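Here's the structure we're looking at; comments come further down.
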Amino acid sequence: MHSLKPSLAMKRPRPPPSPPLSFASTKQTSSPPPPKSLHQPKTPPISSKKPKPHTKWVPLNLSQSELSLPLTFPTGQTFRWKQTGPLQYTGTIGPHLLSLKHIQNGDVSYFIHSSPSESAAKLALLDFLNAGISLAKLWDAFSENDPRFSELAKYLKGARVLRQDPVECLVQFICSSNNNIGRITKMVDFVSSLGTYLGSVGGFEFHEFPSLERLSVVSEEELRQAGFGYRAKYITGTVNVLQSKPDGGAQWLLSLRKLDLPEAIDALCTLPGVGPKVAACIALFSLDHHHAIPVDTHVWQIATKYLLPELAGARLTPKLCSRVADAFVSKYGEYAGWAQTLLFIAELPSQKALLPSHFWDIKEKKPAKTKDGNGCSNDGNCS
DNA sequence: CGGTAACCTGGGAT
DNA sequence: AATCCCAGGTTAC
């Protein structure tokens, strides 16, 4: 009865690590000649010393209500982390390859598979997890003005906002536009494969996210061939624009953390393939703009249902988009993006199983694009 | 300026 | 089996 997302559920670790023919050929056409000048000489001349990483799980000081892996990693913030065990996810942060899992009491532990520095890995992890921000405190505040949030929060504890690398986040969300999870993942995997290989876990290969330098090597044609469709030119276009920034594109993106949200959004929207929604995702998930609200079809549904019922049936236009964002911010405050994240997750078909059935909304059929917009004709459930 | 129509692609629905 | 429709939007008229 419940409609699970097959594209998601069917996803399997592809056993054969060796890529198919066409894949390899496209890659070799653009042989990546390592410009020696670009490689920082951080590696000491010791190749004799085995880089034996410690082989044990280390507890993080985070309870399940502060961080739920299943509600944080496979719910749309990143497409780079893979499920490698029952309650275990694996991915990279900068040059570090690590796994996270819930242990008996629900707390989270981490395991470093590969890293140039284990102490740096831990710091990078805490940063990546926004560990300094107390989710429980935020949610208490949200719950005070919103009974529905309070109720949902009971079932979806630990849905946290990550602090990703801006370049990585940007490329992922350009891929996400008007697309589905399965294909987004495939595209992100392709881009990722251009980065330095870091290791394999649970049948998945992991690569450091490629630098802009490396990304600039792929052509639009190669991306189209890899299935990017019209987003191919967005990727190459954006990489080109970033590469032309005086202090480098990565630095330019990082500098957007210091701007006010509207300015950061405007700046991001100058990049090809980046519109209001993608810009908000980047702002929220990588640029510390905690009140950015990515307004996609799901959030639009939420907003018209619970926040701005007067807009029910209308089409999602840029102006209404910002109106929705404003509504969220005035209701939830400076961390509105974190509230939106929970409400968004509650709408995901893949998470409905966690919720009592009274939270399930009848999926409205195609609202039958009428002139007046109000598509509630025969579903008998239009508030 | 605000509202529409293309845009790649693969899988599911009709 | 052949079409139609859609998916975490953006861009071009």
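The structure presented is a predicted model; accordingly, all values stated were derived computationally and were not measured.
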* Structure fact -> Ile265(A) CD1 to dG9(C) C1', in whole Å, measures 14 Å
* **Side-chain N,O (Arg183(A)) to OP1/OP2 (dG11(B)) below 4.0 Å** => no
* Asked: Would you find more than 12 non-hydrogen atoms of other residues, nucleotides or ligands less than 6.0 Å from Lys137(A) atom NZ?
  -> no
Distances for protein N or O near nucleotides 11-13 of chain C N or O, under 3.5 Å:
residue	atom	partner	partner atom	Å
dT11(C)	OP1	Gly273(A)	N	2.9

* Would you say the base of dC7(B) and the side-chain of Arg231(A) have a donor-acceptor pair closer than 3.5 Å? -> no
* Could you walk me through whether Tyr332(A) and Asp146(A) pass the side chain to side chain donor-acceptor pair (under 3.5 Å) check? -> CA-CA 9 Å; Tyr332(A) 300 105; Asp146(A) 186 352; 2.4 Å; yes
* To do: Using the P atom on both, measure dC5(C) against dA5(B) and round to a whole Å.
  => 13 Å
* Give a yes or no on this: more than 12 heavy atoms of other residues, nucleotides or ligands lie within 6.0 Å of atom CG of Asn61(A). => no
* Structure fact -> Whole-Å distance, Glu221(A) CD to dC8(B) P, equals 12 Å
* Mind calculating the distance between CG (Leu316(A)) and P (dG9(C)) to the nearest angstrom? => 9 Å
* To do: Please measure how far the P atom in dC13(C) lies from the corresponding atom in dC8(B), and state the result in whole Å.
  => 13 Å
* Can Arg224(A) and Glu220(A) be counted as an ion pair, charged N to O under 4.0 angstrom? -> yes
* Kindly indicate, with the supporting measurements, whether the criterion side chain to side chain donor-acceptor pair (under 3.5 Å) is fulfilled by Thr84(A) and Gln88(A). => CA-CA 6 Å; Thr84(A) 51; Gln88(A) 177 179 327; 3.1 Å; yes
* To do: Please state the P separation for the pair dA13(B) and dG8(C) - nearest whole angstrom.
  => 14 Å
* Asked: Among dG2(B), dT10(C), dC7(B), which nucleotide sits nearest the side chain of Lys319(A)?
  -> dG2(B)
* To do: For Thr75(A), answer base if it contacts any base atom (sugar-phosphate contacts may also be present), sugar-phosphate if it contacts only those atoms, and nothing otherwise; contact means non-hydrogen atoms under 4.0 Å.
  => base
* Asked: Between Asn178(A) (CG) and dA5(B) (P), how many Å, whole number?
  -> 15 Å
* Candidate list Phe344(A), Trp338(A), Phe173(A), test ring-ring contact (aromatic ring centres under 6.0 Å, His included), partner Phe285(A), passing option -> Phe173(A)
* **Gap between atoms CG and P, on Asn180(A) and dC7(B) respectively (whole Å)** => 19 Å
* To do: Rounded to whole angstrom, note down the P distance from dA6(B) over to dC4(C).
  => 14 Å
* Using a cut-off of 4.0 Å on non-hydrogen atoms, how would the nucleic acid contact of Phe173(A) be classed: base, sugar-phosphate, or nothing? -> nothing
* Structure fact -> When rounded to the nearest 0.5 Å, the distance separating OH of Tyr89(A) from CG of Leu69(A) is 6.5 Å
* What's the CH2-P distance between Trp300(A) and dG9(C), to the nearest Å? -> 14 Å
* Asked: What is the distance, rounded to the nearest whole Å, between atom CZ of Phe228(A) and atom C1' of dT10(C)?
  -> 17 Å
* To do: Kindly point out which of dG9(C), dT9(B), dG8(C) is positioned nearest to the side chain of Tyr230(A)?
  => dG9(C)
* **For dG8(C), the Watson-Crick or wobble partner whose two distances fall under 3.5 Å** => none
* Asked: Whole Å only: how far is the CD1 atom of Ile302(A) from the P atom of dG8(C)?
  -> 13 Å
* Asked: Ion pair present between Asp288(A) and Lys258(A), side-chain N to carboxylate O less than 4.0 angstrom?
  -> no
* Syn versus anti for dG8(C), judged by chi lying within 90° of 0? -> syn
